Amino acid sequence: MAATAASLGTAGQAEEDLLLLQQQRNKPRPYHPSLWGDFFLTHRPCTPAELLAMKEKARTKEEEVRRAMLAAAASADLAAKLELVDALQRIGVDYRFGKEIGGLLHAVHDDDGGCGDDLYLTSLRFYLLRKHGCNVTSDVFAKFRDEEGNFAAAGDDVKCLLMLFDAAHLRVHGEEVLDSAIAFTRCRLQSLMESLEPEMAEEVRYTLETPSFRRAQRVEARRFISMYEKKATRDESVLEFAKLDYIILRTMYCEELKALTMWWKNFQSVKQLGFARDRMPEIHFWMTGVCYEPYYSYSRIMLTKLVTLMSLFDDFYDNYSTTEESNVFTAALQRWDEEATEQLPACLREFYLNTLSSSNGIEEDLKLQNNKHAELVKELVIEVVKNYHAEVKWRDEHYAPTKVEEHLQLSVPTSGCMQITAFALISMGDVATSEAIEWVRTYPKIIRGVCIIGRVMNDIVSHEREQASDHVVSTVQTCMKEYGLTVAQANEKLGETVEEAWMDIVQECLDQKHPMAILEKAVNLARVMDFMYKTGDAYTLSHNLKDLMTSLYVKFV
């Protein structure tokens, strides 16, 4: 890319370069505008009186569900107690019963009998315990395999096959019995699809696409509420409480978006932000995937602001800036000083100042909360910028890694997933220790796994669009070059890399080097990354999120 006129040696070259810069500035906006605009400034899901009434009713229903939980825990019916835990998790209210669920699962773990020769129950127990961080052995499945290695005990029982498929996706490296279970159940479920009722066929399709452990929690809650409502065995108290809780959280989310819309309107008074994706509400939706609970309201606000900044940086370095602008903007942010605006082109000064103002405002908010991690915010913002700037150098030097592993060593940091996880932990205050945050910053296996999922899945769905312009080499291109593959073959092989990353994530959760409250934030980010890039770039092409976001923020459709 061309340098700015100030860096050129001759007037003729300066004029030519300025013309190129103007052409770049005047090119059509590459992204569609915001689908939401100022909508959340005036949107109110319910009146204060309606909200108060719902909260009072929810408290009553919550106690009814708690009594049901305690009764299930005391009973000898293992299937009933495990299915209740599974339903509460999938319907999105398990965070209200953490103590009860934890106690129940610990008791189930300590009593390793009770499943007998029931493959469905063995799978459900294994799934819930591993999801909870209990390192139960996969040897429990060995007795269900026949001489050919198939799980004939499942027969054509779709419920059992789905549960085994879900359980097997909580595998770690080297668990051949679970690898075999995935291959077997996938083949059997696909063969049964045409003979199933439409609703069951859809459930099979959805599970084969996204196993339960990998689903974004708010997305799954919305989907499962509708499914649970149709079940003959549903618990009416659970269903009613889930609906109330969903609407109460919606009201809180909309209040957050009102405040964020005002912040964003002030920030984008900078006219030059036309180069970037205007996706603040989509980012808030993204961050509900990381921490959706009501007590993390400030976390969502803080994360939405910081990830919005990260998105602006990404578009600035990737699509808009000249090499010289990249250099001076990066140097200015590393100085973190308003006086550094003197070194910037006029078109970047307000962007720079608003970046400093927003980041410093978050730091001050955290200090008012007595958050001992507040000063790390600035460090992490600078890290993000330096990583994106490194990609500009990589692009300008036409650097093309010859191996996928070499590519990931360089591109994992530019996924931003480490910084998002660290920001989330910082926002949690005393829940996260300084040691935990520093551990995240070293890119342990769980964080590297999240980064790989974000990087590779993004590259797969964005490859064709991004390579049409001057862009860094993607993991897809590197994979094609390393193995001599077509695009489709490279995508399939990179899918194996994603599967290995999920195994690393599960292993780290089972190792329990830090509390699950910490590890869960990284897992949640992996889940929402998987959702956003499953079949396309839902963030950039956000029309694909409109209906789902309407369900979350506007009305229960």
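Owing to the predicted nature of the structure, the values given are computational and were not obtained by experimental measurement.
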**Study point:** Residue among R214, R90, Q89 satisfying side-chain contact (heavy atoms from CB on, under 4.5 Å) with E220
**Key:**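 Exactly one option meets the side-chain contact (heavy atoms from CB on, under 4.5 Å) with E220, and it is R90.
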**Study point:** Identified side-chain contact (heavy atoms from CB on, under 4.5 Å) counterpart of L525 within the set I453, T421, I447, D530
**Key:**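 Of I453, T421, I447, D530, side-chain contact (heavy atoms from CB on, under 4.5 Å) with L525 is met by T421 alone.
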Between [Y] and [X], is there a salt bridge with N-O shorter than 4.0 Å?
| X | Y | answer |
| --- | --- | --- |
| K230 | E203 | no |
| D245 | R96 | yes |
| K513 | E508 | yes |
| E255 | K258 | no |

Can you see which heavy atom on [X] is nearest to which on [Y], and at what distance?
| X | Y | value |
| --- | --- | --- |
| C46 | T251 | SG-OG1, 3.5 Å |
| L552 | Y246 | CA-OH, 3.5 Å |
| F285 | L548 | CZ-CD2, 3.6 Å |
| I225 | A242 | CD1-O, 4.1 Å |
| F144 | G116 | CZ-O, 4.1 Å |
| L82 | L128 | O-CD1, 3.4 Å |

Quick one: [atom1] on [X] to [atom2] on [Y], what's the gap to the nearest 0.5 Å?
| X | Y | atom1 | atom2 | value |
| --- | --- | --- | --- | --- |
| L119 | L124 | CG | CG | 11.0 Å |
| N458 | Y533 | CG | OH | 4.0 Å |
| Q489 | K493 | CD | NZ | 10.5 Å |
| S138 | D179 | OG | CG | 9.5 Å |
| T540 | M532 | OG1 | CE | 8.5 Å |
| L84 | L104 | CG | CG | 8.0 Å |

Review point. Can E520 and Q217 be said to form a side-chain contact (heavy atoms from CB on, under 4.5 Å), step by step?
Key: CA-CA 12 Å; E520 187 74 9; Q217 291 165 309; 3.8 Å; yes
Heavy-atom neighbours of [X] [atom1] exceed 12 at 6.0 Å:
| X | atom1 | value |
| --- | --- | --- |
| K534 | NZ | yes |
| E499 | CD | yes |
| E209 | CD | yes |
| K546 | NZ | yes |
| E199 | CD | no |
| K231 | NZ | no |
| E236 | CD | yes |
| D110 | CG | yes |

Review point. Does R527 count as lying over the ring of F213, i.e. NZ or CZ under 6.0 Å from the six-ring centre, within 45 degrees of the axis?
Key: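 Yes, a cation-pi geometry.
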Exercise for review: Determine, for Y539 and R277, whether the Lys NZ or Arg CZ falls below 6.0 Å from the six-membered ring centre while staying within 45 degrees of the axis.
Suggested key: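 No, R277 does not sit over the ring of Y539.
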Check whether any side-chain heavy atom of [X] sits under 4.5 Å from a side-chain heavy atom of [Y], and report yes or no.
| X | Y | value |
| --- | --- | --- |
| Y206 | R223 | yes |
| V523 | I505 | yes |
| I460 | V476 | yes |
| L408 | T497 | yes |

Using a 3.5 Å distance criterion without hydrogens, assess whether the side chain of [X] forms a donor-acceptor pair with backbone atoms of [Y].
| X | Y | result |
| --- | --- | --- |
| T308 | T304 | yes |
| R300 | C291 | yes |
| R66 | F97 | no |
| R188 | G155 | yes |
| H169 | F165 | yes |
| Y228 | D235 | yes |
| R218 | G92 | yes |
| S427 | A424 | yes |
| S542 | L545 | no |
| D146 | E148 | yes |

Using a 3.5 Å cut-off and no angle test, enumerate the donor-acceptor pairs between side-chain atoms of residues 35-44 and protein atoms at least two apart in sequence or in another chain.
from, atom 1, to, atom 2, distance (Å)
D38, OD2, K265, NZ, 3.3
H43, NE2, Y553, O, 2.9

Exercise for review: Begin with the C-alpha distance, continue with both residues' side-chain angles, and end with the deciding distance and a verdict on salt bridge (charged side-chain N to carboxylate O under 4.0 Å, His left out) for E240 and K243.
Suggested key: CA-CA 5 Å; E240 192 166 359; K243 288 183 174 180; over 6 Å; no
How about [X] and [Y]: does a side-chain donor come under 3.5 Å of a side-chain acceptor?
| X | Y | value |
| --- | --- | --- |
| R215 | T207 | yes |
| N371 | Y298 | no |
| T475 | R455 | no |
| D511 | Q507 | yes |

Check your understanding: Aromatic rings H132 and H106: how do their planes relate, parallel, tilted or perpendicular, breaks at 30° and 60°?
Key ->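 Ring orientation of H132 relative to H106: perpendicular.
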Review point. Once the angle between the rings of H543 and H32 is folded into 0 to 90°, is it parallel (under 30°), tilted (30 to 60°) or perpendicular (over 60°)?
Key: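 Ring orientation, 0 to 90° scale: tilted.
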Exercise for review: Start with the C-alpha distance between K61 and E64, add both sets of side-chain angles, then the distance that settles salt bridge (charged side-chain N to carboxylate O under 4.0 Å, His left out), and finish with yes or no.
Suggested key: CA-CA 5 Å; K61 291 299 174 183; E64 290 179 12; 3.4 Å; yes
